[in-house]
A.B. asks: 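Supplied in structure tokens, the structure appears directly below.
If you're wondering where the values come from, they're calculated on a predicted model, not measured in any experiment.
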Amino acid sequence: PAGSPAVLEPGDLLLFLTDGVVEASAPDGTFFGTERALGVVRLFRRDSARDIVHNLYHAVRAFSQNEPQVDDITAVVLKVEP
């Protein structure tokens, strides 16, 4: 029901992003996007939450080819350990 607390199970992962992640752009104007962000998280899902955030940040910066950052790049990953 609405308003009920979420129940997380071992192995669950929560990802919180700001729009600066998905709206980061390559020099040609292409956005990094939600699917690309989720792909990075899926690729590193077995790593620590800290490493997932680190790899996501570096993927965004590589995608934008280190062009000047115009928005924040913020991500929080929570993992429920088995």
Side-chain angles (χ1 to χ4, degrees):
S4 297
V7 177
L8 301 176
E9 301 292 331
D12 284 351
L13 182 149
L14 293 177
L15 172 65
F16 301 94
L17 301 173
T18 59
D19 63 346
V21 174
V22 296
E23 293 177 0
S25 61
D28 68 0
T30 304
F31 286 134
F32 190 74
T34 303
E35 288 306 313
R36 192 172 276 116
L38 290 175
V40 171
V41 172
R42 285 182 187 115
L43 180 65
F44 294 103
R45 70 185 174 272
R46 290 184 175 81
D47 293 352
S48 70
R50 180 183 187 139
D51 286 346
I52 294 169
V53 170
H54 176 82
N55 285 307
L56 180 59
Y57 172 78
H58 287 288
V60 170
R61 294 305 295 143
F63 179 81
S64 63
Q65 298 180 25
N66 291 316
E67 289 288 319
Q69 197 176 316
V70 295
D71 199 353
D72 66 295
I73 296 175
T74 304
V76 175
V77 172
L78 301 172
K79 292 181 74 173
V80 180
E81 295 296 327

A.B. asks: Tell me every residue that passes side-chain contact (heavy atoms from CB on, under 4.5 Å) with Asp28, counting only those two or more places apart in sequence or in another chain.
C.D. replies: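 Scan of Asp28 (side-chain contact (heavy atoms from CB on, under 4.5 Å), adjacent residues dropped) gives Ala26, Thr30.
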A.B. asks: Quick check: does any side chain N or O of Lys79 sit under 3.5 Å from a backbone N or O of Pro10, one acting as donor and the other as acceptor?
C.D. replies: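 No, Lys79 side chain to Pro10 backbone: no donor-acceptor pair under 3.5 Å.
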A.B. asks: Do you know which two heavy atoms are closest between Leu17 and Ala37, and how far apart they sit?
C.D. replies: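 Shortest heavy-atom separation between Leu17 and Ala37 comes out as CD1-CB, 4.0 Å.
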A.B. asks: What side-chain hydrogen bond (donor to acceptor under 3.5 Å, both in side chains) pairs are there with at least one residue in residues 32-41, not counting sequence neighbours?
C.D. replies: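 The answer is none; no pair qualifies.
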A.B. asks: Do any pairs count as a ring-ring contact (aromatic ring centres under 6.0 Å, His included) and have a residue in residues 23-46, sequence neighbours left out, and if so which ones?
C.D. replies: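 Matches after skipping sequence neighbours: Phe32-Phe63.
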A.B. asks: Output the rest of the hydrophobic cluster of Leu14: all Ile, Leu, Val, Met, Phe, Trp and Tyr residues reachable through side-chain heavy-atom contacts under 4.5 Å, sorted by chain and number.
C.D. replies: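 Direct or chained contacts put Leu14 with Leu8, Phe16, Val76, Leu78, Val80.
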A.B. asks: Going by the rule side chain to side chain donor-acceptor pair (under 3.5 Å), which residues pair with Asp72 if we only count those two or more places apart in sequence or in a different chain?
C.D. replies: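 So Asp72 forms a side chain to side chain donor-acceptor pair (under 3.5 Å) with Thr18, Thr74.
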A.B. asks: Return the set of residues passing side chain to side chain donor-acceptor pair (under 3.5 Å) with Arg45 (not counting sequence neighbours), or none when no residue passes.
C.D. replies: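 Listed in chain order: nothing, the list is empty.
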A.B. asks: Using atom types as modelled, flag every donor-acceptor pair under 3.5 Å from a side chain in residues 51-60 to any protein atom, sequence neighbours excluded.
C.D. replies:
from, atom 1, to, atom 2, distance (Å)
Asp51, OD2, Ser48, OG, 3.4
His54, NE2, His58, NE2, 3.4
Asn55, ND2, Asp51, O, 2.9

A.B. asks: Check side-chain contact (heavy atoms from CB on, under 4.5 Å) between Glu9 and all other residues, then give those that pass, not counting sequence neighbours.
C.D. replies: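 With sequence neighbours excluded, Glu9 shows a side-chain contact (heavy atoms from CB on, under 4.5 Å) to Val7, Asp12, given in chain and number order.
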A.B. asks: How would you list, by chain and number, every residue that makes a side chain to side chain donor-acceptor pair (under 3.5 Å) with Ser25, sequence neighbours excluded?
C.D. replies: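 Counting only residues at least two positions away or on another chain, Ser25 forms no side chain to side chain donor-acceptor pair (under 3.5 Å).
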A.B. asks: Who passes side-chain contact (heavy atoms from CB on, under 4.5 Å) against Pro27, sequence neighbours left out?
C.D. replies: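 In terms of side-chain contact (heavy atoms from CB on, under 4.5 Å), with neighbours along the sequence ignored, Pro27 is linked to Gln65, Glu67.
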